[in-house]
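Everything below concerns the one structure shown next.
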Amino acid sequence: MESLSYAASLIATVLGLIEPFGKKMKTILMLNFLGNVLVGISYLLISGYSGAAICFTACIQVLINYTYDARGKKLPKWLIALEAVVFMVINAVTFAHWYDILALLAAMLFVLSVSQSNAKHYRVLYMSNSFTWIAYDLLAGAYGNLFTHAVLFIATMSAILIRDIKSKKTDQTAP
């Protein structure tokens with residue numbers, strides 16, 4: 001089962017390398033959905049039930065947010081609050097180890113990140129989300145997902161530098 005967990009994490013890593021460079025939130029959300037499915041499966045295969053439950057719930061949230069984004073509508077604040085409450089309930093139900101609180105923190109950062117309509121703001125919050133999952137993965141012994149989240153952290157940081165900081169400087173120097 002552990003080798004299947006690593007395989008799912010590896011595929012999620014490849015998708016995660018593409019995700020932060022997306023210009024449109026629709027593209028980012030679809031890649032995020034697929035990555036969450038794979039990371040959730042990976043956690044499930046190593047009995048990381050809290051992480052798996054949060055990832056699978058994140059898939060539902062991403063689909064809802066994708067629907068709003070595809071219609072060009074902003075997410076209502078009540079829906080964002082509901083998504084946060086759902087993650088809290090799931091974490092309470094699956095809570096088994098003290099470090100599962102990190103899965104909840106990552107989930108809250110995720111709620112904030114995918115509710116953004118601006119890809120730049122998404123990337124900053126998603127980088128924080130990846131960092132929190134890195135800590136969870138270390139403590140949970142989820143080494144396949146640790147690799148995935150470390151790569152996602154670096155890729156997101158790179159995307160921020162390339163897409164958001166350098167492009168802003170280029171835009172300011174253009175005539």
Side-chain angles (χ1 to χ4, degrees), residues 1-22 24-67 69-70 83-115 119 122-123 125-160:
M1 291 295 204
E2 194 171 334
S3 58
L4 288 175
S5 172
Y6 287 144
S9 294
L10 182 61
I11 297 167
T13 302
V14 172
L15 293 173
L17 286 170
I18 301 165
E19 178 187 332
F21 291 95
K24 297 182 179 184
M25 279 305 291
K26 284 194 296 189
T27 304
I28 289 170
L29 289 172
M30 191 49 61
L31 291 169
N32 189 289
F33 172 82
L34 295 171
N36 268 306
V37 168
L38 292 165
V39 171
I41 289 169
S42 180
Y43 280 130
L44 199 58
L45 291 169
I46 61 162
S47 301
Y49 301 117
S50 185
I54 285 176
C55 286
F56 293 137
T57 304
C59 290
I60 296 167
Q61 179 188 2
V62 168
L63 287 176
I64 292 167
N65 292 14
Y66 181 88
T67 302
D69 193 69
E83 291 171 345
V85 169
V86 167
F87 277 124
M88 285 185 228
V89 170
I90 287 170
N91 189 261
V93 169
T94 61
F95 197 87
H97 307 285
W98 68 267
Y99 52 81
D100 286 342
I101 196 74
L102 293 172
L104 177 60
L105 175 59
M108 293 300 111
L109 288 167
F110 180 78
V111 167
L112 292 174
S113 69
V114 297
S115 66
Y122 165 82
R123 284 188 275 275
L125 288 164
Y126 195 73
M127 190 172 73
S128 300
N129 172 279
S130 294
F131 184 76
T132 306
W133 278 118
I134 288 169
Y136 176 84
D137 295 336
L138 278 169
L139 295 166
Y143 301 116
N145 289 337
L146 173 63
F147 175 76
T148 298
H149 288 119
V151 169
L152 293 178
F153 180 81
I154 293 167
T156 306
M157 188 183 317
S158 300
I160 288 170

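Predicted model only: the values in this text are computed from it and were never measured. Positions are given from 1, in the same order as the sequence printed here.
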Matching residue for L4 among L45, I46, I41, L44 - test: side-chain contact (heavy atoms from CB on, under 4.5 Å): L45

Taking all non-hydrogen atoms of both residues into account, name the closest pair between [X] and [Y] and its distance.
X    : Y    : value
T132 : L102 : CG2-O, 3.3 Å
K26  : Y66  : O-CE1, 3.4 Å
G35  : L15  : N-CD1, 4.1 Å
V111 : Q61  : CA-NE2, 3.4 Å
L152 : S130 : CB-OG, 3.8 Å

Rounded distance (nearest 0.5 Å) linking atom [atom1] of [X] with atom [atom2] of [Y]:
X    : Y    : atom1 : atom2 : result
L63  : F33  : CG    : CZ    : 4.5 Å
L17  : T156 : CG    : OG1   : 9.0 Å
S158 : M127 : OG    : CE    : 10.0 Å
T148 : L10  : OG1   : CG    : 7.5 Å
K24  : M30  : NZ    : CE    : 14.0 Å

Just wondering, do [Y] and [X] contact through their side chains at under 4.5 Å, heavy atoms?
X    : Y    : result
H97  : D100 : yes
F131 : L109 : no
L34  : V37  : no
N36  : F110 : yes
I28  : R123 : yes

Backbone of L125 reached by a side-chain donor or acceptor of N129 within 3.5 Å: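 Not at all, since once roles are kept as given, no pair shorter than 3.5 Å links the two residues.
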
Test item: S115 side-chain N/O and L112 main-chain N/O as donor-acceptor pair under 3.5 Å: yes

Partners meeting side-chain hydrogen bond (donor to acceptor under 3.5 Å, both in side chains) with S42 (sequence neighbours left out):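 Here the qualifying residues are S5, S9, N145.
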
Pair Y43, D137: side-chain N/O donor-acceptor within cut-off below 3.5 Å: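 Their side chains do contain a donor-acceptor pair, which is all the 3.5 Å distance test asks for.
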
Side chains of N65 and D69, donor plus acceptor under 3.5 Å: no

Whether H149 and W133 hold their rings parallel, tilted or perpendicular, with breakpoints at 30° and 60°: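 Plane angle under 30°, so parallel.
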
Atom pairs and distances, donor-acceptor, side-chain atoms in residues 50-58, under 3.5 Å, two or more places apart:
residue : atom : partner : partner atom : Å
S50     : OG   : N91     : ND2          : 3.4
S50     : OG   : T94     : OG1          : 3.3
T57     : OG1  : A53     : O            : 2.7

Residue list, side chain to side chain contact (heavy atoms under 4.5 Å, CB included) with Y6, at least two apart or on another chain: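 Here the qualifying residues are E2, Y143.
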
